[in-house]
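Order of the sequence lines sets the chain letters (A, B, ...), proteins ahead of strands, with each chain counted from 1.
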There are 2 protein chains.
Amino acid sequence: MSPTLDNDVSQRLLDAAERLFYERGVQAVGVDAVVSEAGVATKTLYAHFGSKDGLIEAYLRRRDRRWLTWLRDAVDAAAPGPARVFAVFDALGQWFARPDYNGCAFINIAGELAASPTARSIARDHKAALRALLADVAAGSGVTDHTTLGDRLMLLVEGAIITAHVEHDSAAAQRARSAAAALLELDRLVSNPALHSGTLPAN
Amino acid sequence: MSPTLDNDVSQRLLDAAERLFYERGVQAVGVDAVVSEAGVATKTLYAHFGSKDGLIEAYLRRRDRRWLTWLRDAVDAAAPGPARVFAVFDALGQWFARPDYNGCAFINIAGELAASPTARSIARDHKAALRALLADVAAGSGVTDHTTLGDRLMLLVEGAIITAHVEHDSAAAQRARSAAAALLELDRLVSNPALHSGTLPAN
DNA sequence: GCCCAGCGAGAACGGACGTTTTCTCCAATG
DNA sequence: CATTGGAGAAAACGTCCGTTCTCGCTGGGC
């Protein structure tokens, strides 16, 4: 057996699975459609992934790695500081504009396989990694309360992902970016004692 | 046929469908489970709703009405003004804390039935109504740019719904409330010329 | 040159599921 | 009282789908 060819077959299967699962949902796509799209035999799918659930899990794990790497690269390409906050939403805007954009695969899975603990756990892990990335971005932005900013960026990112998906509105990225800019500006205002007299309410 | 009894059977079916569909997803629940939970005959389901798709649609339309009425009532119970902004997130916090909370039924449907135009249209209509409600809340809050505030509230609400669901973190409502408070505070600061010298960037 | 492991093609199996049908009961109507 | 029609119980039907099996081909290694 050649590992190159073996890899090729696995990749073709994962590519086909990702295209179909992401576009139509995992339950709406049968294994027949996947093997047909990949141009492989049904037996090969089971030899490589054991079951449809195994294929779904491999699809999610690969997408998790790829998506987070993509976002991290977009962030790292920006200058350190608040520019990296904007880089997050600029990247989202490009993602939303893709013709095959269909929301976050992990949010979709969490809704579709609500009764599956493994699916929910994979989705949770993915969101924890995203939250950690946004916490890093917030910590490097120079604001005084970067923990709070990280939490708020998470809300804006998730909100933009959902809005772009359900309402089919890719401009949600720009609105989220604008909201993030407002939060940065607020931090700048309240951290400069010369600009205000009172303090912020605690809620 | 007695309209009272007829209504009773329809309601029992819709109640059972909502409980199961919302908890496990529409595709993971068979009609057998619904009729068994409702204590009715299979034939009755088809006499009232025509098909499983018809039952799903009726479930979504009833939930759309009920959920929006619930949120609107929570908003109207608060004093006019910025308090109604906070009332939105306080209501969300109570929703998230329910043991049966499983995210937004319409976001879930949009992810699960990605290939179904009717499902996506129902989800879109629901979100448009929510957006209109939040636009009203923003318009009554007394800020200078209530259109922008409405858009940002929408992002925060959606982000909180997703975070509470996927990360199983009901405190997302309080963080979203805090973010909304920050946006209100920022408006207060920049709309008072005595408090600052420069102007906000346009992004 | 043989061998065999991997792969493609496709049939087959078993179970689940949406839908229809049959039969019976019951309550309201005339 | 006879009739009518909605509703419950359960079986039946056809289809789809995940999984396995069979067969034939191919290409690299002892």
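When distances run from any side-chain atom of A/Tyr46 to the nucleotides C/dG8, D/dG18, D/dA7, the shortest one goes to D/dG18. Looking at the side chain of A/Ala41, the nearest of the listed nucleotides C/dA9, D/dT20, C/dT19 is C/dA9.
Looking only at side-chain heavy atoms (C-beta outward), B/Thr144 and B/Val190 stay at 4.5 Å or farther from each other. Within the 4.5 Å cutoff, no side-chain heavy atoms of B/Asn108 are placed close to those of A/Glu112. The side-chain heavy atoms of A/Glu167 and B/Arg131, taken from C-beta on, include a pair separated by under 4.5 Å. Side chains of A/Leu134 and A/Asp151 form no contact here, defined as non-hydrogen atoms less than 4.5 Å apart. Inter-residue side-chain proximity for A/Arg177 and A/Leu92 is flagged as unmet; no heavy-atom pair is nearer than 4.5 Å. Looking at heavy atoms from C-beta onward, A/Phe21 lies out of side-chain contact with A/Leu60 at the 4.5 angstrom threshold.
When the P atom of D/dA7 is taken as reference, atom CZ of B/Phe49 falls 11 Å away, rounded to whole Å. The separation between A/Asp8 atom CG and C/dG6 atom P is 16 Å, rounded to whole Å. With rounding to whole Å, A/Leu45 atom CG is found 17 Å from C/dG10 atom P.
For DNA chain D, the neighbouring residues in residues 51-59 of chain A, judged by any heavy atom under 4.0 Å, are A/Ser51, A/Lys52. Less than 4.0 Å separates DNA chain D from no heavy atom of any residue of residues 15-37 of chain B.
When each of A/Arg12 and B/Lys43 is assigned the nucleotide of DNA chain C bearing its nearest heavy atom, the one mapping closer to the 5' terminus is A/Arg12.
Salt-bridge check for B/Asp15 with B/Arg19: failed, with every basic side-chain N at 4.0 Å or more from each acidic carboxylate O.
When each of A/Val85, A/Leu184, A/Thr148, A/Leu183 is paired with A/Val143, the side-chain contact (heavy atoms from CB on, under 4.5 Å) condition holds for A/Leu184 and for no other.
A close approach under 4.0 Å does occur between a side-chain nitrogen or oxygen of A/Thr44 and OP1 or OP2 of C/dG8. Between A/His48 and the phosphate of C/dC7, there is a side-chain N or O to OP1/OP2 separation shorter than 4.0 Å.
A search for side chain to side chain donor-acceptor pair (under 3.5 Å) contacts involving A/Asp100 returns A/Arg98, not counting sequence neighbours.
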